[in-house]
K.L.:
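Below are the structure tokens for one structure; questions will follow.
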Protein chains: 4
Amino acid sequence: MKNTDEKAPLPRGGEKYDRILEAAIEVVAEKGFQHARVADIAANAGVADGTVYLYFDNKNHILRAAIDSAFEQFSSRVRAALATTHDPIEQLKTIARMHVETLVARRNLAIILQTQVRQSSKFLEEFSHHSFVDYINLVREVIRAGQGEGLIRPEVSDRVAALCLFGALDEMISSWLFTGKPIDPEQTATQVLDILLKGIRTRPSHA
Amino acid sequence: MKNTDEKAPLPRGGEKYDRILEAAIEVVAEKGFQHARVADIAANAGVADGTVYLYFDNKNHILRAAIDSAFEQFSSRVRAALATTHDPIEQLKTIARMHVETLVARRNLAIILQTQVRQSSKFLEEFSHHSFVDYINLVREVIRAGQGEGLIRPEVSDRVAALCLFGALDEMISSWLFTGKPIDPEQTATQVLDILLKGIRTRPSHA
Amino acid sequence: MKNTDEKAPLPRGGEKYDRILEAAIEVVAEKGFQHARVADIAANAGVADGTVYLYFDNKNHILRAAIDSAFEQFSSRVRAALATTHDPIEQLKTIARMHVETLVARRNLAIILQTQVRQSSKFLEEFSHHSFVDYINLVREVIRAGQGEGLIRPEVSDRVAALCLFGALDEMISSWLFTGKPIDPEQTATQVLDILLKGIRTRPSHA
Amino acid sequence: MKNTDEKAPLPRGGEKYDRILEAAIEVVAEKGFQHARVADIAANAGVADGTVYLYFDNKNHILRAAIDSAFEQFSSRVRAALATTHDPIEQLKTIARMHVETLVARRNLAIILQTQVRQSSKFLEEFSHHSFVDYINLVREVIRAGQGEGLIRPEVSDRVAALCLFGALDEMISSWLFTGKPIDPEQTATQVLDILLKGIRTRPSHA
DNA sequence: CATGAATGAGCGTTCATTCAT
DNA sequence: GATGAATGAACGCTCATTCAT
């Protein structure tokens, strides 16, 4: 006889599922995860408190699902965009631009990524860090391709380069959120990439 | 009748004050701010629960004081180190190395800076974001000095460059904390700075 | 985003509401407001601690509601009783008798009125002093009616007379509670009213 | 061998003792007993927190001593005043006048008597209700004297009459404290006594 | 599937009291 | 006697989660 206590798997989609996810992003961005009450999220999604638990195991899992979903969406959009060119340098530009554009366009998501993601991986039961690693790997591949084509210095670690790019872009977003000053995604991405590609030092005259 | 509601200013230092601060850093790094109970911090500091409130207004202020104090210590140590050379490039190397070294040496502090600082400035009553800005400004000054001496490209925004440096270093620390793999601060700093200074692109032959 | 901070109005009645109110009167009469724990009240009402907060904003409001409700019930019962006669003297007798009878019958309520009401109006957020004033006004009207009919001395202030009546009755109740000796409501009311109506002085022979 | 754990009796007087008592009356009148912190009282008296415990067993005892002392002072002043005449009616007038005058002159004390005394006898460990009974007995004696001289109706209970007088005066004070309107002690006492002595009813024409 | 009333564990903070100096 | 830093028990309130309807 099977253990009938096993819980049926929760529905991974559906209209209400999405509404709850959207509501969670909104409320968590507004108040932070700890101060976002499940009741708030439910109210914002237009469902009863208990309904939330028909779609998610618990509060932590809502945030986890929201972050995962955001990363996945972003990752797949980037992958799609990368298909339009084979020039690794152009691809890096595309990544940088989309990164900034996406987060500037979805401020709530940006707030959550800035404030909650690091929390998540340590204190919420391990959000699938997976999707973040995926994204970084995407960048690393592009860099290695660039190295293969002789466009990027071979002695540079693709891992370090990818982290530098991500970290720099992230810091620009962070600064935008803190200062509140509007930024131009195109220009911001260009500035960061310019530095990453060419460095800030003046070219040694004829070394 | 004297107004007995005014609170005497709390002691800013002293043996117990320091013990509580240290305990807070340890416990918060371990469990996260929300799950760190005041009772945990008190026990860890070897004082009674109520004693904490002889030194801090409330739980939030403990974390705030810990972060502020960490930033201040770091900032002043960096300033001191910068005095040993006047070469801006060398100074940037010093900053990068000390940044990584300090956080690798104080893992708990690194965890808090990674996981709690962004939270703090948004959801706890504004930790003095001040000390962070101070640090960024320090880097900007060095960069501007480098531009003045013709060592750094003048068309680069010192603000963007400083944020890129900080973001990149931060991401390396973050990656270290997540993966758990030990890193060599010296080498890490060198790698990041190499990229920031020279870029990742191969030198266009003789364009 | 909807403002999820606005609180839905709490239910003003219902079975649980009443049970909590009754429990509060019992516990507060027994231990005093300050020593009455919310947990005590909840246990006494047979509900969980948190349930109390589904019906009342906070501990203070429970007491407030209890006092208000008691005054209102009493006030309306007295009003009803007054309709049975139009003789102001008889009406005063009715008021006095019901006042003593009601509180003797509900000892817990008497205790609360004696010990908590004055507290409430000064230190808890103003219980609706309103219902007390209502009661005093009722007495004043009866007295004025008596003056209109030439039954009560016109030079007497209706306010002072009403306060004297209330104060005297209150003191009898207070004395009963303190000494613990049983009293006969009918007789007590009669004695007090006799004094209020005729005074204690012997009639000056033929002045 | 005697039990050396016995506590030495606390000093019942002295400059600090009085200062603490005065401070307690002020603070308790202002904030209520429960919200009056021992630290407030100590600060107001200009002594250290711990010093309070050199003179009083605990917080409750401070209030108890304050109330007792007030009643005793009042009682003895009244007794002295009563010696100036032997006419019981005049004596009642004196009592009424002094009662109102004293409390109007010492508003803080009036507040405490209104709000804290009833509390005391039930919830603070029995303040010496004694001093209150003393006061009531004083009035009863005067009334009995009046009855002996044929000035006061013999069928009236001296206990009830005394309680009526006290209750009525008390209610006038209470009304003053609540409404905040200034009152004339002389006139107030006269009005109350007029009612107590002659009643509010018009004299039956020639019954 | 959906509801939302009910639950109760959990914790930050206060403050009367003590005692080493 | 006097001090005031330190103590730690006590409790109001919140909110994630459950479950009868």
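Chain naming here is simple, since letters A, B, ... match the order of the sequence lines and numbering starts at 1 in each.
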K.L.:
Among residues at least two apart in sequence or on other chains, which ones pass salt bridge (charged side-chain N to carboxylate O under 4.0 Å, His left out) with C:Arg19?
P.N.:
C:Glu15

K.L.:
Using atom CG of B:Leu54 as one end and atom P of F:dT7 as the other, report the distance to the nearest whole Å.
P.N.:
8 Å

K.L.:
Between D:Arg19 (CZ) and F:dA2 (C1'), how many Å, whole number?
P.N.:
12 Å

K.L.:
Which protein N or O atoms sit under 3.5 Å from an N or O of nucleotides 9-13 of chain F?
P.N.:
from: F:dC11; atom 1: OP2; to: C:Arg37; atom 2: NH1; distance (Å): 3.4
from: F:dG12; atom 1: OP1; to: C:Lys59; atom 2: NZ; distance (Å): 3.2
from: F:dG12; atom 1: OP2; to: C:Val38; atom 2: N; distance (Å): 2.9
from: F:dC13; atom 1: OP2; to: C:Tyr53; atom 2: OH; distance (Å): 2.7
from: F:dC13; atom 1: OP2; to: C:Lys59; atom 2: N; distance (Å): 3.0

K.L.:
Starting at CD1 of B:Ile20 and ending at C1' of F:dT7, how long is that distance when rounded to a whole Å?
P.N.:
13 Å

K.L.:
Contact class for C:Phe56 (heavy atom, under 4.0 Å): base, sugar-phosphate, or nothing?
P.N.:
nothing

K.L.:
Report the nucleotide, chosen from E:dA2, F:dG1, E:dA6, that has the shortest atom-to-atom distance to any side-chain atom of D:Tyr55.
P.N.:
F:dG1

K.L.:
Write down the distance between CG (B:Leu10) and C1' (F:dA5), rounded to a whole number of angstrom.
P.N.:
13 Å

K.L.:
Pairs counted only when both distances fall under 3.5 Å, Watson-Crick or G-U: show me the 5' to 3' dot-bracket for DNA chain E, [ ] for pseudoknotted crossings and | for other-strand partners.
P.N.:
.||||||||||||||||||||

K.L.:
Could you tell me whether A:Glu22 and A:Arg106 have a side-chain N and a carboxylate O separated by less than 4.0 Å?
P.N.:
yes

K.L.:
Output the rounded distance in Å from CD (B:Glu15) to P (F:dA5).
P.N.:
15 Å

K.L.:
Report the residues that fulfil side chain to side chain contact (heavy atoms under 4.5 Å, CB included) with C:Gln114, sequence neighbours left out, ordered by chain and then residue number.
P.N.:
C:Asp170, C:Ile173, C:Ser174, C:Leu177, D:Arg118

K.L.:
How would you list, by chain and number, every residue that makes a salt bridge (charged side-chain N to carboxylate O under 4.0 Å, His left out) with A:Asp49, sequence neighbours excluded?
P.N.:
none

K.L.:
Judged by each residue's nearest nucleotide on DNA chain F, which is more toward the 5′ side, C:Thr51 or B:Thr51?
P.N.:
B:Thr51

K.L.:
Report the residues that fulfil ring pair (Phe, Tyr, Trp, His ring centres under 6.0 Å) with C:Tyr53, sequence neighbours left out, ordered by chain and then residue number.
P.N.:
none

K.L.:
Strictly below 4.0 Å: does B:Lys16 bring a side-chain N or O up to OP1 or OP2 of F:dA5?
P.N.:
no

K.L.:
Could you tell me which residues satisfy salt bridge (charged side-chain N to carboxylate O under 4.0 Å, His left out) with D:Arg107, sequence neighbours excluded, listed by chain and number?
P.N.:
none

K.L.:
Would you check if the side chain of B:Thr51 reaches a backbone N or O of B:Val47 as a donor-acceptor pair within less than 3.5 Å?
P.N.:
no

K.L.:
Taking only residues two or more places apart in sequence, or in another chain, which ones meet C:Tyr55 in a ring pair (Phe, Tyr, Trp, His ring centres under 6.0 Å)?
P.N.:
none

K.L.:
When we call it a touch if two heavy atoms are under 4.0 Å apart, what does A:Val47 touch: a base, just sugar-phosphate, or nothing?
P.N.:
sugar-phosphate

K.L.:
Can you tell me, in whole Å, how much space there is between the P of F:dT21 and that of E:dC1?
P.N.:
23 Å

K.L.:
Just jot down the side-chain hydrogen bond (donor to acceptor under 3.5 Å, both in side chains) partners of C:Asp40, sequence neighbours excluded, or say none.
P.N.:
C:Lys31, C:Arg37

